[in-house]
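Just below is one structure, and these are the notes that go with it.
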Amino acid sequence: MAQYRIVSGSVAVISIQNPPVNALSAAVRNGLLLSVRTASSDPLVRSVVISGHNGPFCGGADIKEFGNVSHLESGPHLVEIFESVEALAKPVVAAIEGFALGGGLELALACHYRFGHSEARVGLPEVSLGLLPGAGGSQRLPRLLGVRAALDMIVTGRHVAAGEALNLGLLDRVTDGNTVDAAVRFAQSVEGKPLDDRRLGNRPCPPLENIDAFFEDALNRVRGRARGAAAPLACVQAVRGAATLPFLQGMALEKRLVETLMTSGQAQASRYCFFTERGAARWTTPTGARWDTCRARPISTAAVIGIYASCI
Ligand SMILES: CC/C=C\C=C\CC(=O)SCCNC(=O)CCNC(=O)[C@H](O)C(C)(C)COP(=O)(O)OP(=O)(O)OC[C@H]1O[C@@H](n2cnc3c(N)ncnc32)[C@H](O)[C@@H]1OP(=O)(O)O
């Protein structure tokens with residue numbers, strides 16, 4: 001779901017509500033697109049803030065829906081939602097608390113401004129799921145950060161802390177206080193200002209010297225580390241597309257690459273690992289004891305069982 005409310009007379013606050021990580025399930029995607037359209041058509045609304053309900057901004061696409069066509073198709077595609085956000089004629093500010101990961105960061109990249117809490121972290125960890133950021137992230141991030149920093153984030157999938165994200169230019173501002181309140185005040189201050197420069201889809205990628213050699217080297221390094229994994233190589237190809245193609249052609253390349261990865265055995269196995277690891281952490285004995293709640297019993301006597309064979 002997405003909650004929609006108007007604050008301070010002119011700011012629409014859209015809040016993603018899907019605990020525990022505010023993943024972008026079909027219901028959230030439907031709510032988000034409807035809210036964006038409502039904000040667009042309401043003449044009283046002059047700016048928009050997107051946040052996560054009760055803490056985290058968004059943990060990304062709903063991984064449970066992957067491989068389930070009927071779930072995926074019961075909501076709009078992320079690419080369509082993010083295009084509507086970016087195209088909105090009113091400033092949109094992402095208010096990031098907790099984390100913005102995968103599709104969550106891709107949503108923030110479609111916003112015109114990004115505010116983060118000082119303890120928030122952001123990242124595009126799709127590669128760990130055998131995927132690439134397939135909702136515009138592979139095309140928008142290089143346009144914002146430049147190829148080197150974007151490629152590093154996309155190929156490693158690492159989580160970046162707010163301070164580093166601010167230095168990289170990924171976040172526009174960081175606050176220790178209430179992120180939504182700060183974002184609302186800022187949104188009001190930029191109402192009516194031009195937005196063209198703020199739309200990453202409109203920007204060219206910052207130029208890079210010796211582009212062919214750079215990507216050849218990147219592919220070789222990734223090939224050496226990837227041990228047969230397809231996703232890291234596809235990530236390099238997609239970022240190369242961002243550096244060399246117009247935005248829409250880059251988006252088409254990203255789509256082709258992610259569609260191939262999504263049905264691969266490697267992606268299916270990675271999803272299985274994701275949920276199994278979390279299941280293992282919840283495992284209990286039949287009495288309900290868990291690794292983190294039980295205590296070792298004291299040992300008072302011990303015996304050694306076995307055969308001792310000495311060499312003569
Ligand atoms: C269609 C376009 C093509 C591709 C686009 C892909 C874009 C994507 O967004 S892919 C997903 C990218 N996101 C991630 O990889 C984030 C995965 N999640 C995490 O790393 C962590 O869960 C966390 C968000 C950092 C939170 O960690 P923690 O607080 O330690 O909680 P957990 O125990 O890990 O998770 C709690 C609970 O939430 C479930 N969950 C987490 N993330 C997702 C998700 N993205 N979708 C669905 N469910 C998610 C997790 O399984 C746990 O639930 P259990 O019932 O306990 O398993």
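Being a predicted model, the structure only gives us computed values, none of them experimental. Read the numbers this way: they start at 1 and go in the same order the structure lists the ligands and their atoms. Heavy atoms only: backbone and side chains are in, while hydrogens, waters and symmetry mates are out.
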Under 4.0 Å from atom 51 (O) of ligand 1, do we find at least one protein heavy atom? yes
Heavy atom of protein inside 4.0 Å of atom 45 (N) of ligand 1, strictly below: yes
Run down the list F274, F275, F99 and name the one with the heavy atom closest to atom 23 (C) of ligand 1. F99
R173 side-chain N/O to F115 backbone N/O, donor-acceptor pair under 3.5 Å: no
Can you tell whether the side chains of E83 and R199 come within less than 4.0 Å, N to carboxylate O? no
Going by a strict under-4.0 Å cutoff (protein heavy atoms only), does atom 42 (N) of ligand 1 have a neighbour on the protein? yes
E65 near ligand 1 by a heavy-atom separation under 4.0 Å: no
Can you confirm whether something in the protein, heavy atoms only, sits under 4.0 Å from atom 29 (O) of ligand 1? no
Give the single entry among G102, S270, G134, G137 that approaches atom 5 (C) of ligand 1 most closely by any heavy atom. G134
With heavy atoms of K64 as the reference, note each atom of ligand 1 found under 4.0 Å away. 48 (N)
The answer for which part of I63 has a heavy atom under 4.0 Å from ligand 1 is both
Out of L257, V127, L101, whose heavy atom sits nearest atom 25 (C) of ligand 1? L101
Any idea which part of A61 is under 4.0 Å from ligand 1, heavy-atom wise: side chain, backbone, both or neither? both
Could you tell me if the side chain of I63 sits less than 4.5 Å from the side chain of F274, heavy atoms only? yes
Would you mind telling me if ligand 1 is within reach of the side chain of D62, the backbone, both or neither, using heavy atoms under 4.0 Å? both
Within a radius of less than 6.0 Å around CD of E80, do more than 12 heavy atoms belonging to other residues, nucleotides or ligands occur? yes
Nearest non-hydrogen atom to atom 35 (O) of ligand 1 belongs to which of E254, R282, R278, H77? R278
So is P125 touching ligand 1 or not, going by heavy atoms under 4.0 Å? yes
Donor-acceptor pair between S10 and E191 side chains, under 3.5 angstrom: yes
Backbone or side chain, does any N or O of R121 fall under 3.5 Å from an N or O of ligand 1? no
Measure up the F186 and Y113 rings against each other and bin them: parallel (under 30°), tilted (30 to 60°), perpendicular (over 60°). perpendicular
Can you give me the closest heavy-atom contact between R46 and K90, atom names plus distance? O-CB, 3.6 Å
Mind checking whether E106 has an N or O less than 3.5 Å away from an N or O of ligand 1? no
Answer with yes or no whether the side chains of H112 and R198 bring together a donor and an acceptor at under 3.5 Å. no
With the side chain counted from C-beta on, respond yes when L44 and I6 share a heavy-atom pair under 4.5 Å apart, and no when they do not. no
Heavy-atom pairs closer than 4.0 Å: do any link ligand 1 to the side chain of L129, the backbone, both, or neither? side chain
Looking at ligand 1, does any of its N/O atoms fall within less than 3.5 Å of an N/O of L131? no
Measure the CZ-CG distance between R114 and L166 for me, rounded to the nearest 0.5 Å. 12.0 Å
